[in-house]
2 protein chains.
Amino acid sequence: MLINNVGEYLKNHGVKPSFQRIKIFEYLFHHNNHPTVETIFKNLVGTIPTLSKTTVYNTLKLFIEKSIAKVVNIEDIETRYDADTSVHGHFKCKKCDEIYDFYVDLNKVNMKDIENFDINEYHIYLKGICNKCLTNQIN
Amino acid sequence: MLINNVGEYLKNHGVKPSFQRIKIFEYLFHHNNHPTVETIFKNLVGTIPTLSKTTVYNTLKLFIEKSIAKVVNIEDIETRYDADTSVHGHFKCKKCDEIYDFYVDLNKVNMKDIENFDINEYHIYLKGICNKCLTNQIN
DNA sequence: GTATCTGCAAAACATTTGCAATTCT
DNA sequence: AGAATTGCAAATGTTTTGCAGATAC
């Protein structure tokens, strides 16, 4: 997805584009590493010295409501956020802690137990060792 | 899975079978509704009046380590636990809050972005409206 | 008798809430 | 001015930690 005007994008999705909201969305959009509230706050408080974590929380909640961001709950402790709203999975490497996005088409998967259910949220979190760490391993 | 002797089962998986551990495992095993620490505690404190939540936390952590239980992180707030360690997905109905287990085999799915990755944990959480609630709806 | 297990009380930590100050129109 | 937004400070709720007492082998 390409967004040339974040203010317009927010407006088109029912979010009034304040300075804070634009900066938070820009950060989320340009950092595809699924940042936490803490990360977003730390990286923006330099640009917006008065910024508070409450605003980051409020803003992300608003983004979720308006469907321009998604929650990534792959960590047990902190919630992560993603501006990529397409259906995709996340893989977390237990060695290097990196989180990889991966394409997955669940329409092709047989899930007979929940046939005819109306599914509108997909959370697919896999964990293990990534290819890079497997290769670096000297077994 | 059928377990006729919980004590033996725990022992075989490296867990010393104390009274508390047996009761907690039994509860988890016979209640396939993915209970929270709170739920487990409330339901067992009648049988074990001295029971503390700390012990429930400690015990579940031990079960996870020994791979006889799994975390179900479908809720944002509380962690749920499952004694069914087979790979399966969870569906949460946003209307009735029921959590359904469903069979899913990701081995047949093309996930080229993480090809050759060593995957050893699967968390598949879907949300929406279950069949029962869809049928009951008077649209 | 030593190691493990249990459980209370306090701490830690992420997130939410109440409310006052600020900003925008 | 009026409504929405921001942000501080306090509260909430889950989970963890430190440690002392109890239990098991």
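Owing to the predicted nature of the structure, the values given are computational and were not obtained by experimental measurement. Protein chains get the first letters and strands the later ones, always in sequence-line order, with residue 1 at the start of each.
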- [ ] Spell out protein contact along nucleotides 1-12 of chain D as letters: B when the base is contacted, S when just the sugar-phosphate is, - when no protein heavy atom is under 4.0 Å; keep the 5' to 3' order.
- [x] ---SSSBBB---
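In terms of the ring pair (Phe, Tyr, Trp, His ring centres under 6.0 Å) criterion, residue partners of A:H90 (sequence neighbours excluded) are, by chain and number, A:H34, A:H88. Residues satisfying the side-chain hydrogen bond (donor to acceptor under 3.5 Å, both in side chains) criterion with B:T55, sequence neighbours excluded, are B:S52. Remark: A:N43 engages A:Y27 in a side-chain hydrogen bond (donor to acceptor under 3.5 Å, both in side chains) (not counting sequence neighbours). Looking at residues two or more places apart in sequence or on another chain, you find a side-chain hydrogen bond (donor to acceptor under 3.5 Å, both in side chains) between A:T36 and A:T39. Qualifying ring pair (Phe, Tyr, Trp, His ring centres under 6.0 Å) partners for A:F91, counting only residues two or more places apart in sequence or in other chains: B:F117. Here A:F29 pairs with A:F25 under the ring pair (Phe, Tyr, Trp, His ring centres under 6.0 Å) rule; sequence neighbours left out. The side-chain hydrogen bond (donor to acceptor under 3.5 Å, both in side chains) test applied to B:N116 returns no partner, not counting sequence neighbours.
Pairs passing the side chain to side chain donor-acceptor pair (under 3.5 Å) check and including a residue from residues 66-77 of chain B, sequence neighbours excluded, read A:N73-B:D76, A:D76-B:N73, B:E75-B:R80, B:E75-B:K92.
Salt bridge annotation for B:K23-B:E26: present, with a cationic side-chain nitrogen under 4.0 angstrom from a carboxylate oxygen.
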Result block: side-chain N/O donor-acceptor pairs under 3.5 angstrom for residues 3-10 of chain B, not counting sequence neighbours:
residue: B:N5; atom: OD1; partner: B:G7; partner atom: N; Å: 3.0
residue: B:N5; atom: OD1; partner: B:E8; partner atom: N; Å: 3.0

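Contact check of residues 34-47 of chain A against DNA chain C (heavy atom, cut-off under 4.0 Å) returns no residues at all.
Taking a heavy-atom distance under 4.0 Å as the criterion, the stretch of DNA chain C touched by chain B extends 5' to 3' from C:dT4 to C:dA9.
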